[in-house]
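A quick write-up on the structure given underneath.
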There are 2 protein chains.
Amino acid sequence: METIEKGRLYMPPKYKVVYEDIKNKINNYIYKTNEKIPDGDSLAECYNCSKLTIAKALDLLVQEGMLIRRQGSGTYVKENLSNRTTIELDNISGYSKKFSTEHLKSTVIDFSIITPPKEIAEKLNITDEYIYKILRLRSVDNDPQILEETYMPIYVIPGLKEHHLEGSIYDYITNELGFKIQSAHISIKGDEANSNDKLYLNLTESDFIIELEKICYLENGKIFEYSKTHHRYDVFKFNTVLVNNI
Amino acid sequence: METIEKGRLYMPPKYKVVYEDIKNKINNYIYKTNEKIPDGDSLAECYNCSKLTIAKALDLLVQEGMLIRRQGSGTYVKENLSNRTTIELDNISGYSKKFSTEHLKSTVIDFSIITPPKEIAEKLNITDEYIYKILRLRSVDNDPQILEETYMPIYVIPGLKEHHLEGSIYDYITNELGFKIQSAHISIKGDEANSNDKLYLNLTESDFIIELEKICYLENGKIFEYSKTHHRYDVFKFNTVLVNNI
DNA sequence: AAGTGGTCTAGACCACACT
DNA sequence: GTGTGGTCTAGACCACTTG
């Protein structure tokens with residue numbers, strides 16, 4: 001399972017190996033829906049590790065809504081529901097599995113470097129820093145679906161060029177810059193379409209959009225993005241799993 | 001911090017005590033935004049526990065979006081953003097903190113016991129079980145905001161009466177029955193208002209709503225609720241934090 | 001009573017950041 | 001180099017359910 005990253009041999013931690021393996025077993029119905037999987041001691045012996053490592057791996061799957069652990073009883077596979085949303089840097093990544101890049105298109109409406117207004121600077125937690133301002137239209141088969149307004153500090157994401165925007169900014173950040181995403185704080189609401197929405201998303205006077213506001217963190221603790229995306233309501237769907245941890 | 005539950009002395013685990021204490025320190029700005037909190041060894045000494053217990057407590061706060069941990073650097077308090085959504089059994093619990101029960105009203109439109117149609121039975125993962133069907137209108141200051149369609153198996157939630165519906169079903173389940181919620185799988189989308197929405201939410205022909213679909217699990221592994229809530233778009237807001245754990 | 005998950009420890013070692 | 005978080009172990013004991 002080891003890979004080469006940045007020219008170095010990268011060996012994933014044991015709990016991640018166990019996590020991946022059990023996740024595969026669930027997805028391939030080797031561990032069947034609503035059934036119990038082997039107990040912690042057995043798994044620890046099977047994977048040649050401690051119980052705690054097994055628990056850590058299983059807890060990840062609980063967090064993703066794939067397992068439920070019941071004290072005194074066992075660990076069970078949940079009904080196969082919509083899995084937890086991965087962080088959608090792309091805003092359209094839900095589709096990127098369904099549609100190849102041939103069908104996806106990003107049209108850059110505006111790409112400039114600005115001094116952020118106070119409101120944006122606060123969201124990005126910066127002072128006196130230049131930022132990129134990006135306005136993009138995301139389409140599937142030339143059908144416009146998402147109008148995206150993105151702000152990113154230059155010093156956090158250096159070297160961003162217009163051609164990156166025509167593809168995936170996410171790919172640039174993770175693959176070319178080698179950064180990892182830590183988290184995203186999001187907020188979802190509905191609203192009437194504004195003039196830009198009507199213009200670019202081909203909406204009529206009476207239409208509505210779903211607005212997804214997002215603040216994204218890198219693993220180094222820096223906020224790298226604040227964005228507002230307006231989604232045509234008929235193509236928007238957001239799935240997630242909330243787990244009670246306390 | 002110990003409490004009496006079901007006539008027994010309940011002593012919370014150490015990591016939960018630490019979690020609560022640090023959460024309070026963040027909310028009261030004893031640990032300030034963007035600043036580093038003490039390292040794991042110090043906290044372990046301070047709380048008289050092992051490093052692992054501290055890590056477990058801090059990881060909960062990372063999951064809630066309040067902290068960020070950086071290997072080699074430290075643990076930092078994040079910008080105070082909207083916290084992670086708690087499981088909203090109530091559908092209106094976001095308001096229950098803002099508005100007292102005097103302002104909140106639940107009007108029961110339908111409360112019946114039925115044999116579920118196939119689609120609902122599948123969502124609830126049951127066969128040959130009777131279920132409650134509940135249609136409620138939730139209002140704030142007599143302003144109708146949410147139309148809620150709920151299905152619950154009788155054998156999972158016994159003894160539900162109409163007067164419970166006028167208050168909070170959540171309170172009945174957690175306080176009177178003493179059950180705990182494990183998780184909720186949710187899905188959010190927008191849609192045009194249907195005839196019921198127009199009727200009960202006072203919408204016009206052109207209006208639209210936000211639909212929140214939800215499947216809820218108890219700690220005993222049973223699904224106790226499948227619901228669809230239609231929210232007037234101008235009063236809907238959903239916040240959450242997505243954390244990259246893998 | 002037996003089985004299973006949950007909590008917790010003390011300590012070891014590694015990976016990474018900072019300076 | 002020092003400090004910090006991340007991983008991992010072996011084992012102990014507790015809480016809960018009943019496969």
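Remember, predicted model here, so these are calculated numbers, not experimental data. Each chain gets a letter, A, B and so on, in the order its sequence line appears, and its residues count up from 1.
- In this structure, the CG atom of N48(B) is 12 Å from the C1' atom of dC8(C), given to the nearest Å.
- Rounded to whole Å, atom P of dC13(D) lies 19 Å from atom CG of L52(B).
- Between Q182(A) atom CD and dA17(C) atom P the separation is 14 Å, expressed in whole Å.
- Partners of K25(B) by salt bridge (charged side-chain N to carboxylate O under 4.0 Å, His left out), not counting sequence neighbours, listed by chain and number: D21(B).
- Counting non-hydrogen atoms under 4.0 angstrom, S50(B) reaches a base of the nucleic acid.
- I54(A) and G40(A) make their closest contact through CG1-O, 4.2 Å (heavy atoms, listed as atom of the first residue, atom of the second, distance).
- For DNA chain C, runs of at least 3 consecutive pairs of the Watson-Crick or G-U wobble type, with both hydrogen-bonding distances under 3.5 angstrom, map to C:1-18 with D:1-18.
- With sequence neighbours left out, the salt bridge (charged side-chain N to carboxylate O under 4.0 Å, His left out) criterion links K14(B) to no other residue.
- Listed by chain and number, the residues in a side-chain contact (heavy atoms from CB on, under 4.5 Å) with S112(A) are D110(A), I114(A), K133(A) (sequence neighbours excluded).
- In this structure, L61(A) atom CG and dG5(C) atom P are separated by 14 Å, rounded to whole Å.
- Annotation: side-chain contact (heavy atoms from CB on, under 4.5 Å) contacts of N28(B) (sequence neighbours excluded): N24(B), I30(B).
- Figure legend: K78(A) and Y217(B) shown as a cation-pi pair, the cationic atom lying under 6.0 angstrom from the six-membered ring centre and within 45 degrees of its axis.
- Straight-line distance from the CD1 atom of I246(A) to the P atom of dT7(C): 13 Å, rounded to whole Å.
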Do I134(A) and M152(A) pass the side chain to side chain contact (heavy atoms under 4.5 Å, CB included) test, and can you show the C-alpha distance, the side-chain angles, and the key distance before you say yes or no? CA-CA 9 Å; I134(A) 303 158; M152(A) 299 194 291; 3.8 Å; yes
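- Going from atom NZ of K14(A) over to atom P of dC14(C) covers 14 Å, rounded to whole Å.
- Note: S183(A) OG to L242(B) CG = 8.5 Å, rounded to the nearest 0.5 Å.
- Atom NZ of K180(B) is separated from atom P of dT17(D) by 11 Å (rounded to the nearest Å).
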Base versus backbone protein contacts along nucleotides 1-6 of chain D [heavy-atom cut-off under 4.0 Å; B, S, -]: --BBBB
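- For the salt bridge (charged side-chain N to carboxylate O under 4.0 Å, His left out) criterion with K123(B), the lone passing option out of E149(B), E225(B), E213(B) is E213(B).
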